[in-house]
Amino acid sequence: MSSSAKGPSVLIVGTGFGGIGTAIELKRAGFTDFTILESAAEPGGVWRDNTYPGAACDIPSPLYSYSFEPNPRWPKRFSHQPDILAYLRGVIAKYGLEPHIHYDTEVTGAAFDETTGTWNVETKSGETYEATVFVPAVGQLSRPVLPDIPGRDTFAGDAFHSARWDHDVDLTGKRVAVIGTGASAVQFVPEVRKRAQHVTVFQRTPPYVMAKSDPTYRRWQHWLFEHLPPTQLLGRLRIFLLAEYATYAMTKHPLLAKMFELRTAQLRHRHIKDPELRAKLKPAYPLGCKRILFTNDYLPALARPDVDVETRRITEITEKGVRVEGGAEVEADVLVYGTGFAAKDFLGRIDVRGLGGRSLGDEWSGGARAYLGIAVPGFPNMFCVYGPNTNLGAGSIIYMIERQARYIRQAVEQLARPGVSYVDVKPEVEERYDDEVQQRLGHSVWTACTSWYRQADGRVTTNWPGLVTEYDRRTRRFDAGDFRVVA
């Protein structure tokens, strides 16, 4: 790949919503010299990898989809994994992206060559690629994490992470131990319970759980969405405004969050009659500090006699099950880890080298940071998608991705100008921006507890501190004055 009449060459890593959205933005603007590298054999990102029972999105599909590509045929308001993956594949086909995608191509390293103004990208198979622009779009929730529990490898039964679900394991009549109570667990626990003899859920901290209005769309609604698109747009707008209100409550006025907190308490009282169990499930931290989970099935499942909630600290994994504080052993036939992802390890195992051979891993050793979550000083022509401080506590990440793609497209337009070799965000611009973001996050609910949003030292590296409309405004125009433009 090299710069051509079609514009600067662009190399994108990942075929999730971020990578695909960026590719479409470039193509719609007339830039066709781009390649997408995908480590797996098919596209989809997290929606390809997460096939656990009950896998679905916790954001309504009218908002969790590209604004330029509404789908009037969503089966339900909160779509399940197969429907979201089918949507993404359909978008890839519609916009003719397949010829640009190289599957089974895992990126291991990327180095910027200052003399040529290009990125040299290495893959696990030994292939190399050269491009003017490097766009890592690997996502924050793509690398599963297994907990560092003593004896984890000694368990004699089947064990797997929810993001790598082993469908060959028959759970019928089995004793299943589930470690973790995050967004995935609240979806698969009710499904596992239907087949298993008994389920034990090991809970470190209880999540805030809210009911979700999840109707199945009827034929007449599909017809209406298809023939009168503004009707679906109104639904999207309603969801968008609710998400902005929730974000405002979490970042500006915690007292407003009390209304949501009351609704979660009402839900617990409705479904959990046992006061001891209800006490176990009551969070002891402010609402929003960890992700709020939407489910209609989780609390009723926990109330069943064939489900136990274990809150004693796990001390080790044994051959027969899980040992907890005090020495008791909970025996199990299958162990499922719902223990989340390496969300703060933004570029995974990719060794990225910028000007002078500097390592991005070293630069981010104290916590990942980037101007607008996109550009890093000393790493010219590299633009992250779903990078540091662009995650949301409420709302659709697709909205953020579209704004980042728009910004990257404008950067490519800058690089397409005669004589421009590379652009490098100024350190003082990024530092000023990061100081502002961290100062605002310091007053947010996300610093009030331990979560995947936050590092051990308290720094929040994942979340955006404001409304998404603010992010839209701040990324609307690529300002060359924020960058060193090198000829």
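Residues take their numbers from the sequence shown, with the count starting at 1. These figures come from a predicted structure and were not determined experimentally.
No side-chain donor-acceptor contact under 3.5 Å links Gln187 to the backbone of Asp297. Remark: side-chain polar atoms of Ser162 are not paired, donor with acceptor, to backbone N or O of Val336 under 3.5 angstrom. Here the side chain of Asn50 pairs a donor or acceptor atom with the backbone of Val46 at under 3.5 angstrom. Distance alone, capped at 3.5 Å, is enough to place a donor-acceptor pair between the Ser396 side chain and the Leu63 backbone. The main-chain N or O of Pro60 is never found under 3.5 Å from a side-chain atom of Arg77 such that the two would form a donor-acceptor pair. For Gln455 (side chain) and Asp457 (main-chain N/O), no donor-acceptor pair under 3.5 Å exists by modelled atom type. A donor-acceptor pair under 3.5 Å is absent between the side-chain atoms of Gln414 and the main chain of Phe478, judged by distance alone. With hydrogens and angles ignored, the 3.5 Å screen pairs no side-chain donor or acceptor of Arg477 with any backbone N or O of Arg473. Looking at Trp165, its side chain never comes within 3.5 Å of a backbone N or O of His167 through a donor-acceptor pair. Arg304 places no side-chain N or O within 3.5 Å of a backbone atom of Arg193 that could act as its donor or acceptor partner.
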Review point. What do the steps show when you test Arg369 against Tyr433 for side-chain contact (heavy atoms from CB on, under 4.5 Å), and what is the final call?
Key: CA-CA 10 Å; Arg369 49 192 288 171; Tyr433 171 82; over 6 Å; no
Exercise for review: Could you walk me through whether Thr51 and Gln81 pass the side-chain hydrogen bond (donor to acceptor under 3.5 Å, both in side chains) test, one step at a time?
Suggested key: CA-CA 7 Å; Thr51 62; Gln81 176 265 339; 6.0 Å; no
**Study point:** Test salt bridge (Lys or Arg N to Asp or Glu O under 4.0 Å) applied to Lys194 and Asp306, step by step
**Key:** CA-CA 10 Å; Lys194 295 174 184 177; Asp306 53 357; over 6 Å; no
Review point. Please walk me through it: do Leu171 and Val334 pass side-chain contact (heavy atoms from CB on, under 4.5 Å)?
Key: CA-CA 8 Å; Leu171 300 179; Val334 180; 3.9 Å; yes
Exercise for review: Could you go through the side-chain contact (heavy atoms from CB on, under 4.5 Å) check for Phe31 and Glu413 one step at a time?
Suggested key: CA-CA 9 Å; Phe31 296 109; Glu413 290 173 342; 3.6 Å; yes
Exercise for review: List the steps and the verdict of side-chain contact (heavy atoms from CB on, under 4.5 Å) for Leu11 and Trp119.
Suggested key: CA-CA 9 Å; Leu11 193 142; Trp119 281 92; over 6 Å; no
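Considering every non-hydrogen atom in both Ala137 and Ile12, the closest pair reads CB-CG2, 4.4 Å. The minimum heavy-atom distance between Tyr52 and Ala183, with the atom names listed, is OH-O, 4.4 Å. Between Trp464 and Gly466, the closest heavy-atom pair is CD1-O, 3.0 Å. Residues Tyr407 and Thr475 come closest through the heavy atom pair CD1-O, 3.5 Å. The minimum heavy-atom distance between Phe294 and Ala211, with the atom names listed, is CD2-O, 3.8 Å. Residues Pro53 and Arg195 come closest through the heavy atom pair CG-NH2, 3.4 Å.
Comment: Arg440 engages Glu470 in a salt bridge, judged by a side-chain N to carboxylate O separation of less than 4.0 angstrom. Ion pairing between Asp482 and Lys426 fails under the 4.0 Å rule for side-chain N and carboxylate O. Contact check on Glu42 versus Arg48 returns no salt bridge, with no Lys/Arg side-chain nitrogen under 4.0 Å from an Asp/Glu carboxylate oxygen. The existence of a salt bridge linking Asp274 and Arg278 is excluded, since no basic side-chain nitrogen approaches an acidic carboxylate oxygen closer than 4.0 Å. Between Glu436 and Arg474 there is a salt bridge, since at least one side-chain N of the basic residue sits less than 4.0 Å from a carboxylate O of the acidic one.
Here the CG atom belonging to Asn71 is positioned 9.5 Å from the CD atom belonging to Glu226, to the nearest 0.5 angstrom. Atom OG1 of Thr461 is separated from atom CG of Leu441 by 9.5 Å, given to the nearest 0.5 angstrom. Distance CD1/Ile20 to CG/Leu88: 6.0 Å, rounded to 0.5 Å. One distance of note links OG1 of Thr15 with CD1 of Ile36; it measures 7.5 Å at 0.5 Å rounding. Residue Lys280 holds its NZ atom at 11.0 Å from CD1 of Ile272, rounded to the nearest 0.5 Å. Rounded to the nearest 0.5 angstrom, Phe202 CZ and Thr339 OG1 are separated by 13.5 Å.
For the residue pair Thr35/His102, the side-chain donor-acceptor check at 3.5 Å is not satisfied. No side-chain N or O of Tyr371 forms a donor-acceptor pair with one of Glu431 less than 3.5 Å apart. For the residue pair Ser39 and Glu106, no side-chain donor N or O sits within less than 3.5 Å of a side-chain acceptor on the partner. Side-chain contact check for Glu38 and Thr105: no donor-acceptor pair (N or O, by modelled atom type) lies under 3.5 Å. Side-chain atoms of Ser67 and Glu402 form a donor-acceptor pair, as typed in the model, at a separation below 3.5 Å.
Side-chain contact between Pro136 and Phe383: absent, with no pair of heavy atoms (C-beta onward) separated by less than 4.5 Å. Here the side chains of Pro207 and Arg291 are not in contact, with every heavy-atom distance at 4.5 Å or above.
Between His161 and Tyr337, the gap from one ring centroid to the other reaches at least 6.0 Å. The six-membered or imidazole ring of Trp47 lies away from that of Tyr87, with a centre-to-centre distance of 6.0 Å or more.
Using the six-membered ring where Trp is involved, Tyr217 and Phe225 have ring planes that are perpendicular, over 60° apart on the 30 and 60° scheme. Taking the six-membered ring where the residue is Trp, Tyr453 and Trp446 present perpendicular rings, their angle passing 60° and hence far from 30°. Taking the six-membered ring where the residue is Trp, Tyr64 and Phe17 present perpendicular rings, their angle passing 60° and hence far from 30°.
Within the structure, salt bridge (charged side-chain N to carboxylate O under 4.0 Å, His left out) contacts touching residues 210-224 (residues at least two apart or in different chains) are Lys76-Asp214. Sorted by first then second residue, the salt bridge (charged side-chain N to carboxylate O under 4.0 Å, His left out) pairs that include residues 11-28, not counting sequence neighbours, are Glu25-Arg409.
Other residues, nucleotides and ligands contribute over 12 non-hydrogen atoms within 6.0 Å of the CZ atom of Arg164. In the displayed structure, Arg238 atom CZ is contacted under 6.0 Å by at most 12 heavy atoms of other residues, nucleotides or ligands. Within a 6.0 Å radius of CZ in Arg476, more than 12 heavy atoms belonging to other residues, nucleotides or ligands are found.
For the pairing with Tyr399, the ring-ring contact (aromatic ring centres under 6.0 Å, His included) check across Phe240, Tyr471, Phe68, Tyr386 returns one residue only, Phe240. Each of Leu267, Val189, Leu293 was compared with Tyr298 under the side chain to side chain contact (heavy atoms under 4.5 Å, CB included) criterion, and only Val189 meets it.
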